[in-house]
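Inspection log for the structure reproduced underneath, given as structure tokens.
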Amino acid sequence: MPELPEVETVMRGLRPHLQGRRLRGAVVRQARLRWPVPPDLDAALAGRLIRSVRRRGKYLVVDLDQGALILHLGMSGSLRILTRPEPPGPHDHLDLLLDDGGRLSFRDPRRFGAVLLSPDPDRHPLLAHLGHEPLDDHFDGALLHALTRGRRVAIKQLLMDAHLVVGIGNIYANEALYRAGIDPRLAAGRLSRPRCALLAEAIRDTLTRAIAAGGSTLRDFVDSRGEPGYFQQTYQVYGRAGLPCRACGGLIRTFRQGGRSSFACPTCQRR
DNA sequence: AGAACCACCTGGCAGC
DNA sequence: TGCTGCCAGGTGGTTC
């Protein structure tokens with residue numbers, strides 16, 4: 001489900017409910033996620049103070065007074081703050097118990113998500129080798145140009161490689177390439193310097209707009225029944241195969257790249 | 001080193 | 001209605 005804008009939205013929603021609180025522990029109903037939930041989670045969390053909540057790529061990091069929790073939503077994960085008792089659904093795999101009586105509930109039907117503990121999260125194997133944050137100031141055309149030199153892989157697949165750039169999944173890779181007028185199949189190393197600048201700006205713009213849209217649907221997700229409005233943005237190409245391009249009216253095409261669906265306008269996007 | 005493919009898991013939907 | 005097959009927003013691991 002979540003790419004960078006969704007994780008950022010979740011993070012912003014959770015922060016005021018978590019930061020400065022103490023944890024009472026955890027209730028784990030299903031420990032088999034992408035990696036096993038630590039068997040000592042309840043004991044490890046009991047009494048811990050939540051210092052901060054932050055995002056790194058698509059990971060959420062909950063820094064504690066000792067160590068940290070690392071959360072990943074996989075493809076179908078969601079987090080909700082519950083303030084009153086509610087029976088857990090079939091995919092509500094665990095709750096983190098807060099000292100004010102509330103709970104942070106983790107739901108993930110496909111179980112591709114993760115809940116991990118680390119004494120030093122930034123050096124955790126999953127986080128230590130992550131690439132550049134596309135919304136950081138230093139992410140620009142020059143950086144993208146350097147990252148793509150000598151790479152024969154298609155630009156779309158390179159954008160989705162978290163070891164180079166984090167947070168860009170299938171939706172936003174398609175959308176950013178459309179905005180930049182670049183064919184997703186173009187070999188990354190063949191991108192000119194000016195087109196790298198165009199693409200870097202398109203990525204930042206696409207993600208920033210999506211975060212702004214996600215923010216507006218945030219409140220009801222955090223407080224009660226969940227399901228943030230991930231689908232409420234209007235995509236230019238993603239999921240629009242056979243529909244007219246909003247710019248030129250030509251039909252959007254779809255094809256497979258690396259086992260994932262790509263969408264592009266054959267007129268507006270060029271090699 | 002880089003690229004291609006597979007695996008993990010469940011739910012929803014189209015087509016028969 | 002119910003079955004089958006396919007698709008889905010992620011990413012680490014294996015193989016060549």
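Protein chains get the first letters and strands the later ones, always in sequence-line order, with residue 1 at the start of each.
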Reckon A:Arg151 touches a base, only the sugar-phosphate, or nothing at all at heavy-atom distances under 4.0 Å?
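Since only primed, P, OP1 and OP2 atoms lie under 4.0 Å of A:Arg151, the category is sugar-phosphate.
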
Using whole Å, report how far [atom1] of [X] lies from [atom2] of [N].
| X | N | atom1 | atom2 | value |
| --- | --- | --- | --- | --- |
| A:Leu158 | C:dT11 | CG | P | 15 Å |
| A:Asn170 | C:dT11 | CG | P | 12 Å |
| A:Lys58 | C:dG12 | NZ | P | 10 Å |
| A:Leu164 | C:dT11 | CG | C1' | 14 Å |
| A:Asp161 | B:dG2 | CG | C1' | 10 Å |
| A:Phe263 | C:dC7 | CZ | P | 11 Å |
| A:Asp108 | B:dC8 | CG | P | 16 Å |
| A:Gln30 | B:dT10 | CD | P | 8 Å |

Which residue, A:Trp35 or A:Arg110, contacts DNA chain C at a nucleotide closer to its 5' end, judged by nearest heavy atom?
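Of the two residues, A:Arg110 wins.
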
Under 3.5 Å, is there an N or O donor on one side and an acceptor on the other linking the side chain of A:Arg152 and the base of B:dA3?
no

Less than 4.0 angstrom between a side-chain N/O of [X] and OP1 or OP2 of [N], yes or no?
| X | N | result |
| --- | --- | --- |
| A:His163 | C:dG12 | yes |
| A:His129 | C:dG12 | no |
| A:His72 | C:dT11 | yes |
| A:Arg256 | C:dA8 | yes |
| A:Arg34 | C:dT11 | no |
| A:Arg260 | C:dG10 | yes |
| A:Ser261 | C:dC7 | no |
| A:Arg111 | B:dT10 | yes |

Please determine whether a side-chain nitrogen of the Lys or Arg among [X] and [Y] lies less than 4.0 Å from a carboxylate oxygen of the Asp or Glu.
| X | Y | result |
| --- | --- | --- |
| A:Asp95 | A:Arg29 | yes |
| A:Asp65 | A:Arg48 | yes |
| A:Arg209 | A:Glu175 | no |

Same apolar cluster: A:Leu98 and A:Leu96, side chain cutoff 4.5 Å:
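Yes: a chain of side-chain contacts under 4.5 Å links A:Leu98 to A:Leu96.
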
Between B:dA3, B:dG11, C:dG10, spot the one nearest the side chain of A:Val153, thanks.
B:dA3

Select one nucleotide: of B:dG11, B:dA4, C:dT11, the one nearest the side-chain heavy atoms of A:Pro109.
B:dG11

If you measure from the ring centre of A:Phe112 to the centre of the six-membered ring in the base of B:dC8, is it under 5.5 Å, with the planes under 30° apart?
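Answer is yes, a stack.
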
Please give the nucleotide sitting opposite B:dC9 as a Watson-Crick or G-U wobble pair, both distances under 3.5 Å, or none.
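Partner of B:dC9: none.
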
Derivation and outcome, salt bridge (Lys or Arg N to Asp or Glu O under 4.0 Å), residues A:Asp183 and A:Arg253:
CA-CA 11 Å; A:Asp183 188 311; A:Arg253 296 229 183 107; over 6 Å; no

Given the rule in the side chain to side chain donor-acceptor pair (under 3.5 Å) test, do A:Ser261 and A:Arg256 qualify, once you have shown the distances and angles that lead to the verdict?
CA-CA 5 Å; A:Ser261 292; A:Arg256 305 289 288 182; 3.0 Å; yes

Distance between the P atoms of B:dA1 and C:dT11, in whole angstroms?
22 Å

